[in-house]
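In what follows, residues are counted from 1 in the order of the sequence shown. On a predicted model such as this, the values are computed, not experimentally measured, just so you know. Indexing begins at 1, ligand by ligand and atom by atom, following the structure's order.
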Amino acid sequence: MRVRDDPLVLGIETSCDETGVALVRGFDLLQDTVASSVEEHARFGGIVPEVASRAHLEAMLPTVQTTLGAAGAALAEVDAVAVTAGPGLIGSLAVGVATAKALALALGKPLYGVNHVIGHALVDQAVHGAFDGPVLALVVSGGHSSLLVIDGPEVTELGQTLDDAAGEAFDKIGRVLGLPYPAGPHIDRLARDGDPAAIRFPRALTRRQDLERHPYDFSFSGLKTAAARWLEAAGDQSREVPLADFAASFAEAVADVLTAKTVAAARAHGLGTVVIGGGFSANSQLRDKAARRFGAAGLSLRVPPVKYCTDNGAMIAAAGAHAIRHGLAPSSLDFGAESAMAPTQLVA
Ligand code: KG4
Ligand code: ZN
């Protein structure tokens with residue numbers, strides 16, 4: 001329910017290559033603006049931190065102004081400022097954190113340095129309304145694959161990737177295939193026309209003895225190596241690579257492990273709602289499999305639209321609104337950007 005005097009929160013995201021700014025009133029999203037430097041990195045095959053920091057510096061204030069202008073709001077009306085404190089690239093984070101501190105100080109309003117990974121799940125509240133109880137969050141991106149329980153202001157981590165993140169594995173295999181960076185969306189498109197059962201790729205940490213130690217952890221580096229070897233062998237034998245089948249089988253292996261462990265975690269912890277977020281949750285094979293598997297397990301699924309899965313300001317504004325709603329104290333002005341901020345810490 002919308003309350004007229006819900007706080008107006010300005011959210012600022014600069015953890016990687018997107019400069020995102022958004023305004024929410026409570027969880028109502030008023031405006032979300034993203035300026036991306038991804039094209040400047042494509043020719044390097046990955047993000048170049050220094051290039052990203054400079055792009056944030058150039059885009060930061062214009063993006064704040066565009067957001068306020070499009071929402072028809074004045075800076076003076078902002079009740080609180082939220083900014084990504086971490087995790088992320090330190091130089092990129094510093095641009096957002098410095099901007100947010102200056103704004104909060106000038107306005108005399110509270111500042112919330114919030115967690116990017118948790119924000120990927122909390123953004124769903126700005127699209128589909130506030131959570132009505134604890135949720136299990138599967139956050140999958142280019143840098144993270146985590147299973148979190150979000151219960152109001154409390155966040156607990158059940159598991160995470162021990163090596164590569166899901167998106168990272170896609171990007172690396174895409175590089176072997178000669179696809180442009182980031183390769184995730186390209187592999188997704190190729191996979192739509194392929195047979196997911198064509199090649200049986202390994203599912204790491206799913207055997208019984210591994211499950212005992214790592215019930216909710218993931219590992220995608222072995223899968224990535226197996227897929228790269230498969231391509232190498234095909235090349236050695238001058239076999240033509242059935243790209244669609246290869247992509248579909250690779251995507252199936254990732255989606256299979258992610259969804260199986262999520263269902264097991266939901267059951268074990270008595271949670272009925274799963275939220276999926278992060279850039280990799282744009283993946284159609286994961287979305288399809290999650291819808292089917294979670295539906296069969298009686299779990300309700302919340303997934304934001306694709307534009308709110310990749311990095312954006314709305315996730316940070318929503319995280320600020322969530323912190324305020326649950327009575328968390330604002331950050332002190334001397335908090336620093338934290339490249340490895342713990343996934344259980346919502347506010348710095
Ligand atoms: O959340 P995000 O924008 O940035 C990080 O915090 O990492 O996620 C970007 C990641 C990249 O690895 C990209 O390849 C992947 O998400 N990605 C996808 C898709 N869309 C984005 N991976 C697979 N299928 C997609 N449709
Ligand atoms: Zn992200």
Visitor: Starting from atom 10 (C) of ligand 1, locate the nearest protein heavy atom and write down its residue, its atom name and how far away it is, to 0.1 Å.
Guide: Gly142 N, 3.4 Å
Visitor: Among all protein non-hydrogen atoms, which one is nearest to atom 2 (P) of ligand 1, and what is the separation to 0.1 Å?
Guide: Asp311 OD1, 3.4 Å
Visitor: What is the ring orientation for Tyr216 with His269, classed by angle as parallel under 30°, tilted 30 to 60°, or perpendicular over 60°?
Guide: perpendicular
Visitor: Number the atoms of ligand 1 from 1 as they appear, then name those within less than 4.0 Å of a heavy atom of Thr310, with their elements.
Guide: 3 (O)
Visitor: Select the closest option to atom 16 (O) of ligand 1 among Pro182, Gly277, Cys309, Gly279, judged by heavy-atom distance.
Guide: Gly279
Visitor: Distance to 0.1 Å, residue and atom name: give those for the protein heavy atom nearest to atom 26 (N) of ligand 1.
Guide: Asp188 OD2, 2.9 Å
Visitor: Are any N, O or S atoms from Cys16 nearer to the Zn ion (ligand 2) than 2.8 Å?
Guide: no
Visitor: For the residue pair Thr67 and Thr33, confirm or rule out a side-chain donor-acceptor distance under 3.5 Å.
Guide: yes
Visitor: Of the backbone atoms (N, CA, C, O) and the side-chain heavy atoms from C-beta on, which set of Asn283 has a member under 4.0 Å from an atom of ligand 1: side chain, backbone, both, or neither?
Guide: both
Visitor: Could you label the plane-to-plane angle of the His116 and His120 rings as parallel, tilted or perpendicular, counting under 30° as parallel and over 60° as perpendicular?
Guide: perpendicular
Visitor: When only distance counts, is Ala183 in polar contact with ligand 1, meaning an N/O pair under 3.5 Å?
Guide: no
Visitor: Which atom name does Asp311 have for its N/O/S atom nearest to the Zn ion (ligand 2)?
Guide: OD1
Visitor: Does the side chain of Asp163 come under 3.5 Å of the side chain of Ser219 through a donor N or O and an acceptor N or O?
Guide: yes
Visitor: Going by the order shown, which atoms of ligand 1 are within less than 4.0 Å of some heavy atom of Ala282?
Guide: 20 (N), 26 (N)
Visitor: Return yes if a side-chain donor-acceptor contact under 3.5 Å exists between Glu18 and Ser36, otherwise no.
Guide: yes
Visitor: If we ignore angles and hydrogens, is there a donor and acceptor under 3.5 Å between the side chains of Asp124 and His128?
Guide: yes
Visitor: At a non-hydrogen distance cut-off of under 4.0 Å, which region of Phe170 contacts ligand 1 (side chain, backbone, both, or neither)?
Guide: side chain
Visitor: Are Gln285 and ligand 1 in contact, using a heavy-atom cut-off of under 4.0 Å?
Guide: no
Visitor: Tell me, please, if His116 has any N/O/S atom, main chain or side chain, under 2.8 Å from the Zn ion (ligand 2)?
Guide: yes
Visitor: Within the 4.0 Å heavy-atom shell around Gly167, which atoms of ligand 1 are there?
Guide: 12 (O)
Visitor: Residue-level breakdown please: for His116 versus ligand 1, do any non-hydrogen atoms fall below 4.0 Å on the side chain, on the backbone, on both, or on neither?
Guide: side chain
Visitor: Check the side chains of Asp17 and Ser37 for a donor-acceptor pair under 3.5 angstrom, ignoring hydrogens and angles.
Guide: no
Visitor: Give the residue and atom name of whichever protein heavy atom lies nearest to atom 12 (O) of ligand 1, and the separation in Å to one decimal.
Guide: Asp171 OD2, 2.6 Å
Visitor: Provide the number and element of each atom of ligand 1 under 4.0 Å from a heavy atom of Gly143.
Guide: 7 (O)
Visitor: Hey, does Glu40 have a side-chain heavy atom less than 4.5 Å from the side chain of Val48?
Guide: no
Visitor: On the 0 to 90° scale, with breaks at 30° and 60°, tag the Phe280-Phe170 ring pair as parallel, tilted or perpendicular.
Guide: perpendicular
Visitor: Enter the distance from Thr84:OG1 to Ile118:CD1 here, rounded to the nearest 0.5 Å.
Guide: 11.5 Å
Visitor: Does Ser249 use its side chain to pair, donor to acceptor, with the backbone of Ile199 at less than 3.5 Å?
Guide: yes
Visitor: Does an N or O anywhere in Ser284 fall below 3.5 Å from an N or O of ligand 1?
Guide: no
